Amino acid sequence: MAKHVSAKPRAVADFKTAEDLLNVLPATAQVRDGHLCVGGVDMVDLAHEAGTALYVMDEDTIATQLRDYIKWTRYHWDEVDVVYAGKAFLSRAMAQLVADEDCCLDVSSGGELALALSAGFDPSRIYVHGNNKTDQELVECLQAGVGRIVVDSFEELERLSTLASERGVEQAVLIRVTPGIEADTHDYIKTGAEDSKFGFGLNSGSAFKAVRRASELPGIDFEGLHIHIGSQIYALQSFSAAIEVMVAFIAKIRDELGIETRLLDTGGGLGVAYGVPDEPSTIKDYGKVVIDDIKAECEKHGLPVPRMAVEPGRSIVANAGLTLYTVGVIKEIPDIRTYVSVDGGMSDNIRTSLYDAHYEALIANKADQPRTITVTVAGKHCESGDIVVSDGPLQEVERGDILCVCSTGAYAQSLSNNYNKQVRPGVVWVKDGQWRWVVNRETYDDLMRTDAIEPVR
Ligand code: LLP
């Protein structure tokens with residue numbers, strides 16, 4: 001996988017202005033007096049007031065995507081939980097918005113659970129994931145009274161049974177199955193194939209044994225099955241293929257074990273546009289394919305249609321977000337490329353170096369001007385792979401410009417780090433011409449807070 005800026009063909013300037021980039025910008029994006037505005041807030045003024053680097057998210061876009069998922073899944077079947085995957089981006093404001101929009105929440109660590117609970121999120125609407133949940137995390141789940149735990153291994157099942165029985169509770173569980181489906185996406189974010197650290201293999205017979213064991217164990221209420229075949233998936237057929245084998249599995253569980261599967265959770269994975277030419281499937285089409293396929297397959301096998309759950313993360317927040325940077329050093333290497341360095345980089349967006357991800361960039365204070373030059377947007381870290389946009393089009397650029405990288409609402413802040421002791425940017429939400437912090441910008445004091453100098457023990 002290309003981790004460096006070398007071998008790719010150079011993109012040609014595309015002459016597009018911000019108005020041509022609407023598929024990778026939040027729904028409220030507009031150009032006013034040459035400036036990019038989102039949620040009625042001028043991004044250039046915001047950058048000057050709140051500082052850069054800065055993550056900005058449009059609250060209305062997030063709420064609309066949550067509502068679209070509810071609408072276009074429940075349109076086909078009443079009993080569907082839309083379970084927002086907190087790993088894409090989680091803060092207390094986000095947890096509250098998810099609750100307000102009648103969605104459930106997927107957490108995958110004790111930390112995500114603690115944050116959701118501190119936001120007042122109803123624990124019975126929480127789904128808990130993880131391939132290596134600690135005893136402490138399982139106890140925290142039981143104490144909180146979480147709705148469902150998605151069990152990932154035999155030993156987790158046994159431990160959970162003991163811990164739940166000790167507390168006199170019966171915990172609803174889903175068994176995570178790896179259905180042996182190769183999703184059409186990047187190798188690092190495929191999770192449904194047989195060779196995976198996640199879940200119980202369907203073809204090996206492990207998943208069947210796990211369901212049987214779950215139905216026997218005290219303290220465990222086998223409610224249903226879970227799959228997550230991968231992320232950033234464009235081809236809806238990948239979901240159809242997984243649903244076909246999963247519903248056949250539900251029939252086998254009924255026929256051979258006499259057990260009813262009351263819930264089928266098909267995970268997340270719907271892809272989004274990162275580049276102007278990208279054409280992902282819509283939430284509407286996704287809802288139709290997933291829900292109708294489950295219904296049709298159940299009919300084929302003479303099964304009652306179960307409760308369903310979908311777990312979108314990226315497709316809720318990616319296009320709602322963007323990152324603002326201030327342009328610093330510009331270095332032109334004759335006949336090779338121009339590096340535009342910004343006040344952030346792989347500490348606030350590691351996706352380009354990790355997955356060779358592609359992003360669109362524009363100058364927020366020149367949003368009405370065409371992107372006529374080709375540049376590489378680099379970060380400020382001590383790493384030559386510290387690239388945010390590799391050979392992309394941009395307006396004529398100068399030091400002090402406010403550079404906007406689009407579609408960074410998912411898996412940018414949540415994967416951020418303090419490499420080079422860089423303080424992490426804060427997150428601002430915009431709505432109706434106003435803005436507020438939902439995650440504060442870190443300070444040097446935050447870096448010192450966990451640092452320790454103490455005598456040896
Ligand atoms: N459910 C489960 C069990 C998951 O593991 C995930 C994502 C989701 C739901 C949400 O999937 P989404 O709708 O966001 O595709 N860091 C990578 C993505 C890793 C996805 C991990 N699991 C990236 O930046 O592309």
Side-chain angles (χ1 to χ4, degrees), residues 1 62 65-66 68-69 73 81-90 94 98 103-109 112 126-133 148-152 173-179 183-193 196-200 224-236 238-239 242 263-274 278 280-283 286-287 290 308-321 323 346 348-359 388 405 407-417:
M1 184 177 64
I62 303 173
Q65 325 259 47
L66 290 167
D68 277 359
Y69 264 101
T73 53
D81 281 351
V82 174
V83 188
Y84 169 67
K87 67 207 79 180
F89 168 74
L90 192 59
M94 184 70 203
V98 167
C103 294
C104 299
L105 185 67
D106 144 359
V107 301
S108 47
S109 71
E112 287 183 359
I126 293 181
Y127 287 55
V128 182
H129 289 279
N131 67 304
N132 186 22
K133 302 176 194 78
R148 286 148 186 121
I149 296 182
V150 183
V151 172
D152 208 276
V173 306
L174 306 182
I175 296 295
R176 177 158 179 172
V177 178
T178 38
D184 168 31
T185 188
H186 191 290
D187 277 353
Y188 284 18
I189 48 180
K190 277 181 190 169
T191 43
S196 169
K197 72 166 180 169
F198 297 106
F200 298 90
L225 303 173
H226 173 276
I227 51 168
H228 172 73
I229 57 172
S231 197
Q232 184 57 4
I233 297 169
Y234 275 21
L236 295 178
S238 299
F239 296 105
L263 195 152
L264 176 59
D265 180 339
T266 53
L270 180 62
V272 301
Y274 284 105
D278 294 349
S281 302
T282 61
I283 294 172
Y286 168 88
V290 169
M308 302 176 198
V310 293
E311 290 175 346
R314 188 190 313 268
S315 49
I316 302 290
V317 283
N319 297 137
T323 313
M346 65 193 297
D348 59 72
N349 187 353
I350 203 169
R351 296 193 69 261
T352 307
S353 31
L354 198 56
Y355 313 115
D356 203 17
H358 168 74
Y359 289 96
V388 184
V405 176
S407 306
T408 59
Y411 303 111
Q413 194 268 352
S414 61
L415 286 172
S416 65
N417 61 79

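The first residue in the sequence is number 1, and the count goes up from there. Counting starts at 1 for both ligands and their atoms, following the listed order. This is a predicted model, so every value here is computed, not measured.
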> Quick one: do the Ser407 and Asn319 side chains pair a donor with an acceptor below 3.5 Å?
Replying inline: yes
> So, Tyr359 and Thr323: side-chain donor and acceptor under 3.5 Å apart, yes or no?
Replying inline: no
Counting from 1, what ligand 1 atoms have a heavy atom of [X] closer than 4.0 Å?
| X | value |
| --- | --- |
| Pro312 | 13 (O) |
| His129 | 3 (C) |
| Glu311 | 1 (N), 2 (C), 3 (C), 8 (C), 9 (C), 10 (C), 13 (O) |
| Ala85 | 8 (C), 9 (C), 10 (C) |

Taking non-hydrogen atoms only, is [X] closer than 4.0 angstrom to ligand 1 via side chain, backbone, both or neither?
| X | result |
| --- | --- |
| Arg314 | both |
| Ile233 | neither |
| Asp106 | side chain |

> Has the side chain of Gln232 got a donor or acceptor atom that lies under 3.5 Å from a matching backbone atom of Val272?
Replying inline: yes
> Is the closest N or O pair between Gly269 and ligand 1 shorter than 3.5 Å?
Replying inline: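 Yes: some nitrogen or oxygen of Gly269 is under 3.5 Å from one in ligand 1.
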>> Do Asp265 and Glu311 make a side-chain contact, defined as non-hydrogen atoms from C-beta onward lying under 4.5 Å apart?
In response: yes
>> Looking at non-hydrogen atoms alone, which of His226, Lys87, Arg176, Arg351 comes nearest to atom 2 (C) of ligand 1?
In response: Lys87
> Of the non-hydrogen atoms in Ser414 and Ala88, which two are nearest, and what is the gap between them?
Replying inline: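 For Ser414 and Ala88, the tightest heavy-atom pair comes out as OG-O, 3.2 Å.
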>> Tell me every residue that passes side chain to side chain contact (heavy atoms under 4.5 Å, CB included) with Ala85, counting only those two or more places apart in sequence or in another chain.
In response: Lys87, Asp106
> What pairs with Asp81 under side chain to side chain contact (heavy atoms under 4.5 Å, CB included), at least two apart in sequence or on another chain?
Replying inline: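 Result, side chain to side chain contact (heavy atoms under 4.5 Å, CB included) vs Asp81: Val83, Cys104, Tyr127, Arg148, Arg307, Ala309.
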> Hey, do the aromatic rings of Tyr286 and Phe239 have their centres closer than 6.0 Å?
Replying inline: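 That pair passes the under 6.0 Å test.
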> Do any heavy atoms of Ser315 fall under 4.0 Å from ligand 1?
Replying inline: no
> Of all the heavy atoms in Ala88, does at least one lie under 4.0 Å from an atom in ligand 1?
Replying inline: no
